Amino acid sequence: MNFQLRRATMYDVPSAAATLADAFDSYPWTRWSIPADEYLARLERLQAIYLSHAIEHGLVLISHDRDGVAALLPPDCPEPDTQRQEEIAELMGERLEIMFGAQLPARPENSWELATLGVAKSSAGRGLGSALLRKSLWFIATSPFPRVSLETSAAQNVRLYQRHGFVLSQCTDIEEGPRVYSMRAELTDHLRLGV
C-alpha cells in the first residue's frame, strides 16, 4: 500500500499521542514502568510530552489519518526541559526510580534513536509500521549520522526491525520486569540500495 506520511507538527500531538497510547496499551515496557492507576491516561500524557520534545529537537512522522507515528531523536538531542521532566516524574510516580534503575546498554556513539514507532490497533497488519520505518531510515541515511539504535520489549518487533536491516546487539532481562532487546543499524548502504 502507498501511505501518505508527513512530518508532524505540535497540532498533531494530541491525536498522535492517542494513537501511541492505543498501540502501546499492552506493551511490556509501559505496562511495567507506568503505574496501573489511570494507566491509559498516564500513558497518553507521557506520549504527548515525549512527542512534543521530539518535534522540537528531532523528527516525528505521522500518517495522513494519524493512525501511525514514528519519532526520531538525533545524536545531540538534549534531555527534556525541567518542566517536562517534572511532569514525567509526577506521571511515573513511584515507578520512576525503578524505571531509571534499570541497567540498559549505552547507545552507540553518534546514533539516532528510534524513540517510538506505533500503529493504532485498528490499522495494524497493513504495512503502515514498515512504511513509517522505511521513511525514518531514509531520513537518517541522508543525515550526517547514518546510524540508528532502538530498544523494544516486544519479541515480535525484533523480526520487523531485522527485516529492515537492524541487528540485535543485546538482550537485557529487567529484574521483575520485561526483557529489553537493544538493536542498531548502520545505514550507509540504504541510499545505494534505495531502501
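Atom set for the values below is all heavy atoms of this structure, side chains included, hydrogens, waters and symmetry mates excluded. Predicted model, so just to flag it, every value in this text is computed and none were measured.
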Student: Is there side-chain contact between L72 and I140, with heavy atoms separated by less than 4.5 Å?
Tutor: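 Result yes, sub-4.5 Å side-chain heavy-atom pair found.
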
Student: Is there a donor-acceptor contact under 3.5 Å linking the side chains of S143 and W112?
Tutor: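 Their side chains do contain a donor-acceptor pair, which is all the 3.5 Å distance test asks for.
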
Student: With salt bridge (Lys or Arg N to Asp or Glu O under 4.0 Å) as the test, would you mind laying out the steps for E87 and R45 before giving the verdict?
Tutor: CA-CA 9 Å; E87 189 173 0; R45 183 61 198 141; 2.6 Å; yes

Student: Which residues pass the salt bridge (Lys or Arg N to Asp or Glu O under 4.0 Å) test with D76, sequence neighbours left out?
Tutor: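 Checked D76 against salt bridge (Lys or Arg N to Asp or Glu O under 4.0 Å); zero matches.
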
Student: A side-chain contact here means heavy atoms from C-beta on lying under 4.5 Å apart; do F145 and P75 qualify?
Tutor: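 A side-chain contact under 4.5 Å exists here.
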
Student: If the condition is salt bridge (Lys or Arg N to Asp or Glu O under 4.0 Å), which residues does R84 pass it with, not counting sequence neighbours?
Tutor: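 By the salt bridge (Lys or Arg N to Asp or Glu O under 4.0 Å) rule, R84 matches E56, D81.
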
Student: With a cut-off of 6.0 Å (strictly less than), are more than 12 heavy atoms of other residues, nucleotides or ligands near CD of Q170?
Tutor: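 Count over threshold, so yes.
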
Student: Is there a salt bridge (Lys or Arg N to Asp or Glu O under 4.0 Å) between R126 and D67? Walk through the geometry before answering.
Tutor: CA-CA 11 Å; R126 299 185 299 132; D67 54 349; 3.2 Å; yes

Student: How long is the span from the CG atom in D25 to the CG atom in L40, to the nearest 0.5 Å?
Tutor: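 Atom-to-atom, D25:CG and L40:CG are 5.0 Å apart.
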
Student: Determine, step by step, whether V60 and V69 satisfy the side-chain contact (heavy atoms from CB on, under 4.5 Å) criterion, reporting the C-alpha distance in whole Å, the side-chain angles of both residues, the deciding distance to 0.1 Å, and the verdict.
Tutor: CA-CA 7 Å; V60 177; V69 183; 3.9 Å; yes

Student: Cluster question for you: counting only ILVMFWY and a side-chain heavy-atom cut-off of under 4.5 Å, with indirect links fine, are L73 and M183 together?
Tutor: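 The answer is no; the residues belong to distinct hydrophobic clusters.
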
Student: Quick check: are there more than 12 heavy atoms from other residues, nucleotides or ligands sitting under 6.0 Å from CD of Q83?
Tutor: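 No, because the 6.0 Å sphere around CD of Q83 holds 12 heavy atoms or fewer from other groups.
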
Student: Look only at the side chain of K135 and the backbone of L61, and say whether a donor-acceptor pair between them is shorter than 3.5 Å.
Tutor: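 Here the side-chain-to-backbone pair does not exist.
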
Student: Please tell me if the side chains of L46 and F24 come closer than 4.5 Å, counting only heavy atoms from C-beta onward.
Tutor: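 Result no, sub-4.5 Å side-chain heavy-atom pair not found.
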
Student: Say whether, by atom type as modelled, one donor and one acceptor occur between the side chain of R184 and the main chain of F166 under 3.5 angstrom.
Tutor: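 No; judged by distance alone, with no hydrogens or angles, the pair does not exist.
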
Student: Has S123 got a side-chain atom pairing as donor or acceptor with A120's backbone, closer than 3.5 angstrom?
Tutor: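 Side chain of S123 to backbone of A120: no pair is present.
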
Student: Are the side chain of R134 and the backbone N or O of G129 linked by a donor-acceptor pair below 3.5 Å?
Tutor: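 Flag not set: sc R134 to bb G129 has no pair under 3.5 Å.
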
Student: Would you find a donor on one side and an acceptor on the other, under 3.5 Å apart, between the side chain of Y27 and the backbone of S153?
Tutor: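 Looks like yes, one N/O pair under 3.5 Å.
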
Student: Ignoring hydrogens, what is the shortest heavy-atom contact between L132 and G118? Give both atom names and the distance.
Tutor: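 For L132 versus G118, the nearest heavy atoms are CD1-O, 4.5 Å.
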
Student: Group every Ile, Leu, Val, Met, Phe, Trp and Tyr by side-chain heavy-atom contacts under 4.5 Å, then state whether Y181 and L150 land in the same group.
Tutor: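 In one cluster: yes.
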
Student: So, does R95 use its side chain to make a donor-acceptor pair with the main chain of W32 at under 3.5 Å?
Tutor: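 Pair found, side chain donor or acceptor close to backbone of W32.
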
Student: What pair of heavy atoms forms the shortest contact from A102 to I174, and how long is it?
Tutor: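 Closest approach of A102 to I174: CB-CD1, 3.7 Å.
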
Student: Classify the ring geometry of H53 against H57: parallel below 30°, tilted from 30° to 60°, perpendicular beyond 60°.
Tutor: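 Aromatic pair H53/H57 classed tilted.
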
Student: Pairs in or reaching into residues 164-179: which pass salt bridge (Lys or Arg N to Asp or Glu O under 4.0 Å), with residues at least two apart or in two chains?
Tutor: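 Only D173-R179 qualify under salt bridge (Lys or Arg N to Asp or Glu O under 4.0 Å).
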
Student: Rounded to the nearest 0.5 Å, what's the gap from CD on Q162 to CG on N157? Could you check?
Tutor: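 The CD atom of Q162 sits 11.0 Å away from the CG atom of N157.
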
Student: Apply side-chain contact (heavy atoms from CB on, under 4.5 Å) to S63 and L128, showing your working.
Tutor: CA-CA 8 Å; S63 61; L128 177 55; 3.9 Å; yes

Student: Which heavy atom of L137 sits nearest a heavy atom of L187, and at what distance?
Tutor: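 For L137 and L187, the tightest heavy-atom pair comes out as O-CD1, 3.6 Å.
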
Student: Look at the side chain of S52 and the backbone N and O of A48, then say whether any donor-acceptor pair between them is shorter than 3.5 Å.
Tutor: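 Confirmed, S52 side chain pairs with A48 backbone.
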
Student: Would you indicate whether the side-chain heavy atoms of E113 and C77 approach each other to under 4.5 Å?
Tutor: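 They are not in side-chain contact.
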
Student: Return the CZ to CZ distance between R107 and R147, rounded to the nearest 0.5 Å.
Tutor: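 If I round to the nearest 0.5 Å, the distance is 13.5 Å.
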
Student: Going by salt bridge (Lys or Arg N to Asp or Glu O under 4.0 Å), name the residues that satisfy it together with D65, two or more places apart in sequence or in a different chain.
Tutor: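 D65 satisfies salt bridge (Lys or Arg N to Asp or Glu O under 4.0 Å) with no other residue.
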
Student: Could you pull out all residues at least two apart from T172 that satisfy side-chain hydrogen bond (donor to acceptor under 3.5 Å, both in side chains)?
Tutor: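 Applying side-chain hydrogen bond (donor to acceptor under 3.5 Å, both in side chains) to T172 gives none.
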
Student: Just by modelled atom types, is the S182 backbone N or O under 3.5 Å from a matching donor or acceptor in the S169 side chain?
Tutor: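 Between the backbone of S182 and the side chain of S169 there is a qualifying donor-acceptor contact (under 3.5 Å).
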
Student: Between S130 and L160, which heavy-atom pair has the shortest distance, and what is it?
Tutor: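 For S130 and L160, the tightest heavy-atom pair comes out as OG-CD1, 3.4 Å.
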
Student: Taking all atoms of both residues into account, what is the closest heavy-atom pair of A141 and P146, and its distance?
Tutor: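 Looking at all heavy atoms of both residues, the closest pair is O-CB, 4.0 Å.
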
Student: Test L5 against I62 for side-chain contact (heavy atoms from CB on, under 4.5 Å), laying out the working first.
Tutor: CA-CA 6 Å; L5 307 176; I62 193 166; over 6 Å; no

Student: If Ile, Leu, Val, Met, Phe, Trp and Tyr residues are connected whenever their side-chain heavy atoms lie under 4.5 Å apart, and connections chain through other members, are M92 and L20 in the same group?
Tutor: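 In one cluster with M92: L20, yes.
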
Student: If we ignore hydrogens and angles and just use 3.5 Å, is the side chain of T19 paired with the main-chain N or O of R66 as donor and acceptor?
Tutor: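 Looks like yes, one N/O pair under 3.5 Å.
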
Student: Closest approach of L51 and V13, non-hydrogen atoms and distance?
Tutor: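 Closest approach of L51 to V13, heavy atoms only: CD1-O, 4.3 Å.
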
Student: Where the side chain of E44 meets the backbone of A21, is there a donor-acceptor pair that is under 3.5 Å apart?
Tutor: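 No; judged by distance alone, with no hydrogens or angles, the pair does not exist.
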
Student: First locate atom CE of M99, then atom CG of L104, and finally report the distance between them rounded to the nearest 0.5 Å.
Tutor: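 Here the rounded value is 10.0 Å.
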
Student: May I ask you to say whether R7 pairs ionically with D12, meaning some side-chain N is under 4.0 Å from a carboxylate O?
Tutor: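 Between D12 and R7 there is no salt bridge, as every charged N stays at least 4.0 Å from the carboxylate O atoms.
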
Student: Please step through side-chain contact (heavy atoms from CB on, under 4.5 Å) for the pair I34 and W29, ending with a clear verdict.
Tutor: CA-CA 8 Å; I34 298 173; W29 178 268; over 6 Å; no

Student: For Y50, give me all partners under ring pair (Phe, Tyr, Trp, His ring centres under 6.0 Å), at least two apart in sequence or on another chain.
Tutor: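 For Y50, no residue satisfies ring pair (Phe, Tyr, Trp, His ring centres under 6.0 Å) once neighbours in sequence are set aside.
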
